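Only one structure is covered here, and it is reproduced in the block below.
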Number of protein chains: 2
Amino acid sequence: MSTLDWLPSSILQLSTQRDLKSGEVLFRQGDAVSAIFEVEEGRIRLLRYTIDDHVAVLHTAASGESFAEAALFSDTYHCDAVASVVTRVRAYPKRELLETLLGDPKLAKKYMSVLAHEMQTLRTRLEQRNLRTARDRVLQHLLVSADAGSGIIPLSGTLMDLAGEIGLTHEALYRTLAALESERIIARTKDKIVLLRGKSL
Amino acid sequence: MSTLDWLPSSILQLSTQRDLKSGEVLFRQGDAVSAIFEVEEGRIRLLRYTIDDHVAVLHTAASGESFAEAALFSDTYHCDAVASVVTRVRAYPKRELLETLLGDPKLAKKYMSVLAHEMQTLRTRLEQRNLRTARDRVLQHLLVSADAGSGIIPLSGTLMDLAGEIGLTHEALYRTLAALESERIIARTKDKIVLLRGKSL
DNA sequence: CGGCGTTTTGAGAGAGCTCAACATCGGTGG
DNA sequence: CCACCGATGTTGAGCTCTCTCAAAACGCCG
């Protein structure tokens, strides 16, 4: 369900929940790091105040995503974390988590693996953004996400969410999917997309 | 100089160089993982063959970047690695590297820290791509990259490289920088850009 | 049944991409 | 020392594509 649920129960039991209203601040740049977090429900934005008090959004963490991992290795947070909607987060205490991770090589390896895979995913998504046209981006996403055997891409959220993930407006995504369907390159059902084979894209 | 140069000399000494011609393959999907790599000079593309033998570029690693970190935790490579120009890579043997990292909690912590920071950077770059206009993207990059005190952004590579990093054509970047300069929002020299303060962007 | 979010299609406009020409700079070899 | 050459830097003009704004059908849930 989440990126940290493989942690030993000793740590899971030390984690706590916190509810935030829309606009409420979870931590501020410069605060001492007490915990790292995971979004259970809602959305957290990481903001940095730059020269002349301009605000830059560094990251938006959605449900199921952990964030502020780098804070595990820092004394203070380097950005603000603000809920942009009603949000529930789970907090994992820094000191205990770090001790647990470093005290057990198996866990250390697991965490490195999780981080490395997340990096891989991010790099792939970034590379995807280099594709200019909606068609290329959608196809790239479908090709990479498709089950190798069946060509099925299950739809976890809504198409609007998917549009955001791949950096398109929902209108552009709908239009592109409609075009691909009419060209018999994909088939669609309510909860999945199927890549049809034997097509020269 | 690189992302892995903090490793103990015992590992650095076990690393080897390999030169590749343009188009030469470093490893293939399914190969047993023997090492992870760092680009010393050139460019490596990570490719995956998807349904119907379509090629998807998962990542492009440039000089100074390490790649295939996730392979440390896998038995086989999950994509192909191909040099897209004449390239020199440094290979770090998997087994020894993993043993060293897991055998010393300090090193484990360091590596986790490196991975977490890389994630942070990637997330920020991804968020940056959500900005539509060239102006917003350039300003976001400058604001985040600027030294907090002086507002100076040193230019490490060429402007063409920078254009690629932030997802613009070099023409669009040149035009945007010229506009920002004529508006007295930035000042430029050969090797740096300075953000001028007191401007409402 | 009513309301809200998702899905869908339409039309227009803006912004970056593409192609093109040219300037600039550093290195190379005659 | 200078001509040449490739890569970087710069500017111009047209075109294509997505974004934006709008409207409407659809489906789910209370």
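Keep in mind that the numbers below use all heavy atoms, side chains included, and drop hydrogens, waters and symmetry copies. Numbers restart at 1 for each chain; the letters A, B, ... are given by sequence-line order, proteins then strands. As the structure is a computational prediction, the values presented were derived from the model and not from experiment.
- The existence of a salt bridge linking B:Arg90 and B:Glu41 is excluded, since no basic side-chain nitrogen approaches an acidic carboxylate oxygen closer than 4.0 Å.
- A distance-only check finds no donor-acceptor pair linking the side chain of B:Arg123 to the backbone of A:His59 [under 3.5 Å].
- Applying the 3.5 Å distance criterion, the base of C:dG10 shares a donor-acceptor pair with the side chain of A:Arg175.
- For the atom pair B:Leu195 CG and B:Ile185 CD1, the distance stands at 9.0 Å (nearest 0.5 Å).
- In this structure, B:Arg188 reaches the sugar-phosphate backbone alone: every heavy-atom distance under 4.0 Å involves primed, P, OP1 or OP2 atoms, never a base.
- Applying the 3.5 Å distance criterion, the base of C:dG16 shares no donor-acceptor pair with the side chain of B:Arg137.
- Under the 4.0 Å criterion applied to side-chain N and carboxylate O atoms, A:Arg45 and B:Glu127 are not assigned as salt-bridge partners.
- For the atom pair CG (A:Leu58) and SG (A:Cys79), the distance works out to 5.5 Å, reported to the nearest 0.5 Å.
- Here D:dC15 presents its C1' atom at 14 Å from CD of B:Glu171, a figure rounded to the nearest Å.
- Residue order along DNA chain D, read from the 5' end via each residue's closest nucleotide, puts B:Ala178 first among A:Thr169 and B:Ala178.
- Going from atom CG of B:Leu177 over to atom P of D:dT10 covers 8 Å, rounded to whole Å.
- Across all non-hydrogen atoms, the minimal contact from B:Pro93 to B:Leu14 is CD-O, 3.8 Å.
- Taking atom CZ of residue B:Arg129 and atom C1' of nucleotide D:dT18, one finds them 16 Å apart after rounding to whole Å.
- Distance, B:Met160 CE to C:dC25 C1': 15 Å, rounded to whole Å.
- Of the two residues near DNA chain D, B:Ala172 and A:Lys190, the one whose nearest nucleotide lies more 5' is B:Ala172.
- With rounding to whole Å, B:Tyr174 atom OH is found 14 Å from C:dC17 atom P.
- Look at CG on A:Leu168: it is 6 Å from P on D:dC19, rounded to the nearest Å.
- Rounded to an integer number of Å, the gap from CG of B:Asp136 to C1' of C:dG14 is 14 Å.
- A salt bridge is defined here as a Lys NZ or Arg NE, NH1 or NH2 lying under 4.0 Å from an Asp or Glu carboxylate O, and B:Glu165 with B:Arg137 fails to meet this definition.
- Note: CD (A:Glu181) to C1' (C:dT9) measures 14 Å, nearest angstrom.
- Comparing D:dT10, C:dG16, C:dT7 by their closest approach to the side chain of A:Leu159 singles out C:dT7.
- Among the nucleotides C:dT6, D:dC19, D:dG9, the one closest to any side-chain atom of B:Arg132 is D:dC19.
- Comparing the local axis fitted to the first five base pairs of the helix from C:dC1-D:dG30 to C:dG30-D:dC1 with the one fitted to its last five gives a bend of 40°, rounded to 10°.
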